[in-house]
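Here the structure comes first, spelled out in C-alpha cells, and everything after it is commentary.
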Amino acid sequence: MLRNNYVLSCCVNFDFMFLKFKDEVSSILSDAIAKSGFETDDLALAESPHADLASSVGFKLASKYKQSPKAISEKIYANISLQADSYVANAQMTGPYINFFTSRTFLNETVLRVLLDRENFGNLGNYGKVILEHTSANPDGPLHIGHIRNSVIGDTLARILKRAGYDVETQYYINDMGRQIAVVVWGLENFKFDTTKKKDHAIAEVYINANKTLVDEKEHSPEVDAIMKKYEIGDPEIEGKFKGAIDTCMEGIKESLTRMNIHHDKFIWESRFVRSGEVNLIMDRVKALDRTELKDGAFMVDLKDVGIQKSLVIQRSDGTSLYTTRDLSYHEWKTTQCDRMIDILGADHKLISSQLKAVLHILGSKEPEIVIFEFVSLPEGSMSTRRGVFISADELIDEVEKAAYDVVDKKLPDKDDEFKKMVAKFVSIGAVRYDIIRISPEKATTFDWKEAVDFEKQGAPFIQYAHARACSIIKNAKDEGVSFEDFDPNVLLESQEIGLIKKIAAFESVIDNASRELKPNIVAIYARELADAFNQFYRFVPVITAEPEFRSARLALVECSRIVLANALDTLGIFAPESM
RNA sequence: GGGCUCGUAGUAUAGUCCGGAUAGUACUUGGGCCUCCGGAGCCUAGGACCCGGGUUCAAAUCCCGGCGAGCCCGCCA
C-alpha cells in the first residue's frame, strides 16, 4: 500500500521503537562503563526534560571509587562509542549527567512504523491468559459512581493488557449468596416492583423499602433468614426466585455498562462453588491446617505470622460458608483457567483481600494481583445502596450528556439534532471515563456535580477534538489531491514535529509501563500529552498550505498522530470521532 | 485503640515504589494570538511539595515522630 522506497529499505525486522532506543543506550553505556574500569549494575537511566534518556551513573559510582561524579562521568563519556544508523544520535555531558538523544533514524522509523502498523501500533509481545475481575457489584440496585470507578479502572486495564499482548478475559463475580440478595427476594414478595423504571433502579427501590421495614419491624428478620437458608441448601423454588431477581437487576447493570463501552466476557455466580462442592473441599483443606482452630463452633484461621492480626473465619458455627470461603474457591478455580489473575477492588476490601491472598498462599495456590482503588464519596458523606444514598451511574451520564448537548448546541448550531445528540453521547461517555481514569486509584475522591459536568477542563473532549481535527486535515488534503504515499521523513525538522514524533514513539513504552505497573492513569495522561503535542504542531506548522516538499511528509505525520490518538483513545475505551 | 492508604499553588492533579538537573499539567486569575489546514485551539505571566527531626554529595521521593482526611478492624458482603 505504501510505495516508499525508504520504507522498504529500513522497515524490516525492527522491534519496538522507544524500548529499542532504551536497549541501545543501555548497551552503549554499559560498554563505556566497563571500558572505563568501573563496575555497576545500575545504569541510573531515566527519562528527563533535558534528554530523551539521562544517566546519573556518575553520582552512583562516586563514593565507591572515591572520585567526583563529574570526573567519573567524564571518563565514561570519553569511552562512549556510537554506531552509525542506530537509534542513538549522540550523547552529551551536562555537569555530571550523561544525556542521550534519539537519532534521525529513530524519528524516521517511528513515522514509517506507525503508518505500517496502524491500529496495531503500540501492541506489545507479551503472552499468557489473564483473568481480570472487575465491577462485581451486588445485584441489589444500579451501579453508582463508586462502582463505576471500579468498572472504568478494570475495563481500561483490560484494554491495556490486551494491547500489551495478553489474552484477557474479564469476569463479573455475582455475589448471589449474600443476605442483601435475600432481602431483595423477600422485598419482591412484599413490595411493589415499579415496572416503569429501569430494572436495576426498580430493584433498588424494593431493596431500600425492604431494608427500612426490616429495621422498623424486627419480626420479619427470620423470614429473610429462612430464605437465605433455603437458597444455601438449594431449594428449587427459592433458587428460581433468586435467579429471577438477580437476572432482572443484572439486565439493568449490563445496560449501564454497555452504555459506558464496558463489556464482561463472563458472569460467575458464587453459588456455583457451593453447589459443586468445591467450597466444602476447600473448607476441609483449610481446617486441616495447623493454624486453623475451632472456636465456639466456627473455624478460624490464624494469620498473625504473616502480619495479619485478624483471624479469618472460614466456616460459621452452623456449618455454612462465608463470602471469603467462596471467594477462595473462586480464585482456585480461576487459577486453573489462566496464567495471571487480577482483581479490581475497593479500599474496603483491603483486609479481606490480604487474608484471601495469605490463605491461598498457605494452600500453595496462586495469589491474585490486586488493584485497590480508594472511595468515591459524596460531599455529605459516603454512599450506600441500602440506605438509598447514592448517585447512580445512569443519573451521572444523563446529566453529563445533557451538559454536553448544551455545549455542542452552542458550538455547532447549524448541525442537525441527530448529529448533536450523537456528539453529546460520545463526548459525555469520554468525559466520564476520562475523569475517572486520570486519577490514581489510590486517591480518594469526593464527587462534585459542578466538576462532573464541566467541559472546560482539558479532558477527553480535548483529545477527541485533536483526533477530529487530524481527520479533517486528512480529508481536506485528499480533496486537494495531496497524498503521503511518497514522502521523505527527513524534512520533518521543526521542533514541534520532532516533539510530536517522540511523543508518538512513546506510546509503546506507555503501554509497557501501564501494563507492568497496572496503572491505567499513565495512558490517560499520555493521551492528553499527545493531543497537546499535536495541537502545538498544528498551530505552528502548516500542512496543506506548505511547500510541496514538506506537504506530504507533514501529512504523513498528521496521519501518524491520528492513528496513535485513536489507539490511545481506544485503549481508554473512549470513542475517537472523525468530526465533532 | 490498632492496621492500611492519602496529604503537592485558590481548586483538581502528575511525579513518590526505584532519591539526582529549573517539581510537570489543567481549571481559576492577568496579558496576548484568526489575510492561514476546525478557537472544544495556541502563546505568555503568576502561584505549590502538611509540620518537625534524621539518612545522604543530593529528599516531594527513603526512615522516625507529629498533625489532618478516608477506609478497615462482623460467625456481613
Side-chain angles (χ1 to χ4, degrees), chain A residues 42 44 46 48-51 54-56 58-60 62-63 68-69 94-97 99 136 138 140 175 177-181 270 295-300 307-310 313-324 326-327 346-352 354 372 374-375 377 382 407-408 410-412 423 427 435 438-446 448 451 454-466 468-477 480 482 517 521-522 524-525 528-529 531-532 534-536 538-546 551 554-555 558 579-580:
Chain A
D42 180 11
S48 150
H50 309 278
S55 173
S56 55
F59 288 105
K60 305 283 176 209
S63 63
S68 77
T94 310
Y97 298 93
N99 291 333
S136 302
N138 290 331
D140 53 17
N175 302 132
M177 301 208 64
R179 187 179 173 84
Q180 75 289 120
I181 303 306
E270 66 173 335
K295 217 178 202 173
D296 303 325
F299 285 91
M300 328 258 298
I308 301 169
Q309 295 307 308
K310 184 86 192 134
V313 181
I314 59 131
Q315 187 185 64
R316 291 195 186 93
S317 45
D318 68 1
T320 58
S321 63
L322 292 94
Y323 165 81
T324 319
R326 291 169 226 135
D327 214 13
D348 53 341
H349 283 69
K350 276 181 202 173
L351 174 62
I352 201 85
S354 62
I372 296 281
E374 290 289 334
F375 266 49
S377 53
S382 57
V407 175
V408 176
K410 215 176 287 171
K411 292 189 192 283
L412 305 166
V423 172
V427 162
D435 262 355
R438 61 184 252 268
I439 293 168
S440 298
E442 70 270 13
K443 228 90 160 184
T445 60
T446 303
D448 180 351
E451 290 253 313
D454 178 14
F455 289 94
E456 290 309 306
K457 50 184 190 209
Q458 206 174 17
F462 174 85
I463 305 160
Q464 291 173 311
Y465 188 77
R469 176 183 267 162
C471 290
S472 173
I473 294 172
I474 289 161
K475 185 176 169 295
N476 290 341
E480 295 190 23
V482 183
E517 298 176 31
N521 61 317
I522 293 176
I525 292 161
R528 211 213 63 237
E529 287 175 351
D532 217 19
F534 177 71
N535 281 333
Q536 284 173 34
Y538 162 83
R539 170 65 183 78
F540 285 102
V541 186
V543 179
I544 297 171
T545 55
R551 222 160 44 179
R554 287 179 183 168
L555 190 62
V558 173
S579 78
M580 62 187 276

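Owing to the predicted nature of the structure, the values given are computational and were not obtained by experimental measurement. Every chain is numbered from 1 and lettered A, B, ... according to where its sequence line falls, protein lines coming before strand lines.
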May I have the distance from [X] (atom [atom1]) to [N] (atom [atom2]), rounded to whole angstrom?
| X | N | atom1 | atom2 | result |
| --- | --- | --- | --- | --- |
| H349(A) | U5(B) | NE2 | P | 18 Å |
| Q315(A) | G74(B) | CD | P | 20 Å |
| K310(A) | C75(B) | NZ | P | 6 Å |
| F534(A) | A40(B) | CZ | C1' | 14 Å |
| I474(A) | C37(B) | CD1 | C1' | 11 Å |
| I372(A) | C4(B) | CD1 | P | 14 Å |
| N535(A) | A40(B) | CG | P | 11 Å |
| I522(A) | U16(B) | CD1 | C1' | 13 Å |

Phosphate contact ([N] OP1 or OP2) by [X] side-chain N/O below 4.0 Å:
| X | N | answer |
| --- | --- | --- |
| K443(A) | G7(B) | yes |
| Y538(A) | G39(B) | yes |
| S382(A) | G70(B) | no |
| R554(A) | C37(B) | no |
| R539(A) | C36(B) | no |

On RNA chain B, more 5' by nearest nucleotide between G58(A) and S472(A) is G58(A)
Hey, does the side-chain of N99(A) have a donor or acceptor N/O within less than 3.5 Å of a partner on the base of A21(B)?
yes
For the side chain of S317(A) and the base of C75(B), is some donor closer than 3.5 Å to an acceptor across the two?
yes
Describe the nucleic acid contact of [X] in one word from base, sugar-phosphate, nothing, applying a heavy-atom distance below 4.0 Å.
| X | answer |
| --- | --- |
| T445(A) | sugar-phosphate |
| R326(A) | sugar-phosphate |
| A546(A) | nothing |
| V543(A) | base |
| F299(A) | nothing |
| D448(A) | nothing |
| I308(A) | nothing |
| M580(A) | base |

Just compare [options] and give me whichever is closest to any side-chain atom of [X].
| X | options | answer |
| --- | --- | --- |
| H50(A) | A21(B), C37(B), G19(B) | A21(B) |
| Q536(A) | C37(B), C6(B), C42(B) | C42(B) |
| A54(A) | A40(B), C57(B), A21(B) | A21(B) |
| K60(A) | U13(B), C71(B), G19(B) | G19(B) |

Return the nucleotide paired to [N]: Watson-Crick means purine N1 to pyrimidine N3 with N6-O4 or O6-N4, wobble means G-U with N1-O2 and O6-N3, both under 3.5 Å.
| N | answer |
| --- | --- |
| A9(B) | none |
| U22(B) | none |
| C76(B) | none |
| U61(B) | none |

Would you tell me whether R326(A) and N175(A) have side-chain atoms, one donor and one acceptor, within less than 3.5 Å of each other?
no
Between M300(A) and V313(A), is there a side-chain heavy-atom distance shorter than 4.5 Å?
yes
Expected output: side-chain R554(A) to main-chain P542(A) donor-acceptor under 3.5 Å
yes
Any donor-acceptor pair under 3.5 Å from R316(A) side chain to S321(A) backbone:
yes
With C1' as the reference atom in both, quote the distance from U61(B) to G54(B) in angstrom, rounded to an integer.
15 Å
If I take atom CG from residue D327(A) and atom CG from residue L322(A), how far apart are they, to the nearest 0.5 angstrom?
11.5 Å
Kindly indicate whether a cation-pi arrangement holds for R469(A) with Y538(A), taking the cut-offs as under 6.0 Å to the six-membered ring centre and within 45° of the axis.
yes
